[in-house]
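For reference, the structure is listed below as structure tokens.
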Amino acid sequence: MNSQELQAALGDLPLSGLRFFESLGSTNDEALKWASQAAGDFSLVIADEQTRGRGRLGRKWFTPPQTALAFSLILRPTVAENNYPARVTGLGSLALVDAVSKLGVRAQIKWPNDVLINGKKTAGILVESVWSGESLDACILGMGVNVLTSSVPPADQLSFPATSLENELGRPPDRLELLHDTLSSLLAWRSRLGSEEFIKSWAASLAFQGRQIQLIRENEPPLNGELLGLESDGSLRIMVNDNLLTVKIGEIHLRPSV
Ligand code: BTN
């Protein structure tokens with residue numbers, strides 16, 4: 001992957017800007033910096049290797065050279081999009097589910113931010129917001145996809161079973177094509193961000209629907225319940241001891257109960 005190949009592969013997409021790095025600490029850090037300067041809406045930062053890739057809950061994200069997709073999009077939310085900040089995580093995961101389905105594989109979303117294939121984590125999403133007073137100035141949508149087998153971290157570093165697209169497809173997919181298809185699907189879903197169809201499709205791709213799950217919360221005991229679906233703001237609906245609970249996207253993660 002290099003700048004020329006990226007420009008050729010993404011030439012039909014309305015990117016405001018593109019910054020490619022052979023090696024970078026974190027594309028989200030670079031995007032946050034660029035967003036605080038003059039980056040336009042739909043600017044892309046992409047790296048062939050990350051040395052300080054970040055995940056949710058302060059975790060590290062592994063991006064060895066030339067094996068994965070690691071990129072961050074800078075979105076400048078419109079006034080209408082400002083009403084749906086929590087849907088941006090769904091936007092990234094839905095786009096990836098679509099792009100992966102073009103490869104002939106069904107992916108599912110482990111709420112809020114993981115994309116699974118055959119029950120194993122294949123991608124993670126990290127959304128970070130830049131506020132200017134009360135208004136949302138930019139959303140940084142960071143996505144990391146395990147493309148080749150060698151992008152999967154060693155088993156002793158995993159908090160959830162992981163895989164790669166190469167493992168699940170039985171062949172290595174083309175990274176540029178996957179990137180193109182993800183961004184193109186993301187644009188299509190973005191134009192429907194406020195729609196009922198958006199939530200329905202997000203919910204339809206949720207992993208563990210109707211199953212018992214465990215919600216892991218910081219400094220609180222885990223909650224066990226049945227995963228029912230999504231609220232319109234992207235919160236998770238679960239049934240805990242006959243009580244309907246909604247859980248907002250935040251410092252929480254879930255796993256299936258064994
Ligand atoms: C998670 O699963 O906890 C989220 C992982 C997000 C990783 C991506 S890779 C591109 C972008 N840059 C980062 O430092 N993190 C995100």
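Values below: every heavy atom of this structure, side chains too, minus hydrogens, waters and symmetry copies. Order of listing sets the numbers, starting from 1, for every ligand and every atom in it. Just so it is clear, the model here is predicted, and its values are computed rather than measured.
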Subject >> Spatial distance of atom CG (Leu178) from atom CG (Asp174) [nearest 0.5 Å] >> reply: 8.5 Å
**OP:** Pull out every atom of ligand 1 sitting under 4.0 Å from any heavy atom of Ile125, numbered as shown with elements.
**Re:** 4 (C)
**OP:** Indicate yes or no: does an N/O atom of Thr63 lie under 3.5 Å from an N/O atom of ligand 1?
**Re:** no
**OP:** Considering the heavy atoms of Asn113, write down every atom of ligand 1 situated less than 4.0 Å from one of them.
**Re:** 1 (C), 2 (O), 3 (O), 4 (C)
Original post:
Starting from atom 3 (O) of ligand 1, which protein heavy atom do you reach first, and at what distance in Å?
Top reply: Arg56 N, 2.7 Å
**OP:** Look up atom CD in Gln209 and atom CG in Leu228, then write down how far apart they are to the nearest 0.5 Å.
**Re:** 8.5 Å
Subject >> Pairwise distance CG(Leu136) to CD(Glu81) - rounded to 0.5 angstrom >> reply: 9.5 Å
Original post:
Which of the numbered atoms in ligand 1 are below 4.0 angstrom from a heavy atom of Ser72?
Top reply: 11 (C)
Subject >> Straight-line distance of Met143 CE to Ile46 CD1, nearest 0.5 Å >> reply: 11.0 Å
Subject >> N or O pair under 3.5 Å between Trp61 and ligand 1 >> reply: no
Original post:
With respect to Leu69, which candidate in Asn146, Asp48, Leu179, Leu176 satisfies the side chain to side chain contact (heavy atoms under 4.5 Å, CB included) definition?
Top reply: Leu179
Subject >> Protein residue, atom and distance nearest to atom 11 (C) of ligand 1, heavy-atom basis >> reply: Thr27 OG1, 3.2 Å
Original post:
Going by distance only, is there an N or O of Arg54 that falls short of 3.5 Å from an N or O of ligand 1?
Top reply: yes
**OP:** Mark up the atoms of ligand 1 that fall under 4.0 Å of a heavy atom belonging to Gly53, in ascending order.
**Re:** 14 (O)
Subject >> Test log, rule salt bridge (charged side-chain N to carboxylate O under 4.0 Å, His left out), inputs Glu168 and Lys120 >> reply: CA-CA 10 Å; Glu168 301 308 311; Lys120 287 178 271 177; 3.7 Å; yes
**OP:** Apply side chain to side chain donor-acceptor pair (under 3.5 Å) to Asp41 and list each qualifying residue two or more places apart in sequence or on a separate chain.
**Re:** Arg190
**OP:** Output every pair passing side-chain hydrogen bond (donor to acceptor under 3.5 Å, both in side chains) with a member in residues 17-29, not counting sequence neighbours, ordered by first then second residue.
**Re:** Arg19-Glu30, Ser23-Glu49, Thr27-Gln50, Thr27-Ser72, Asn28-Ser72, Asn28-Glu128, Asp29-Arg54
Subject >> For Gln50, the ligand 1 atoms whose distance to one of its heavy atoms is below 4.0 Å >> reply: 9 (S), 10 (C), 11 (C), 12 (N), 13 (C), 14 (O)
**OP:** Look at ligand 1 and say whether Met143 reaches it with a heavy atom at a distance under 4.0 Å.
**Re:** yes
Subject >> Nearest option to atom 2 (O) of ligand 1, as decided by whichever heavy atom of Arg59, Lys121, Glu128 sits closest >> reply: Lys121
Subject >> Closest heavy-atom pair and its distance - Asp137, Pro77 >> reply: O-CD, 3.8 Å
**OP:** Check each atom of ligand 1 against the heavy atoms of Asp114 and keep those under 4.0 Å away; list them by number with element.
**Re:** 2 (O)
**OP:** Heavy-atom contacts with Gly55 under 4.0 Å: which atoms of ligand 1 show up? List them by number with element.
**Re:** 1 (C), 3 (O), 4 (C), 5 (C)
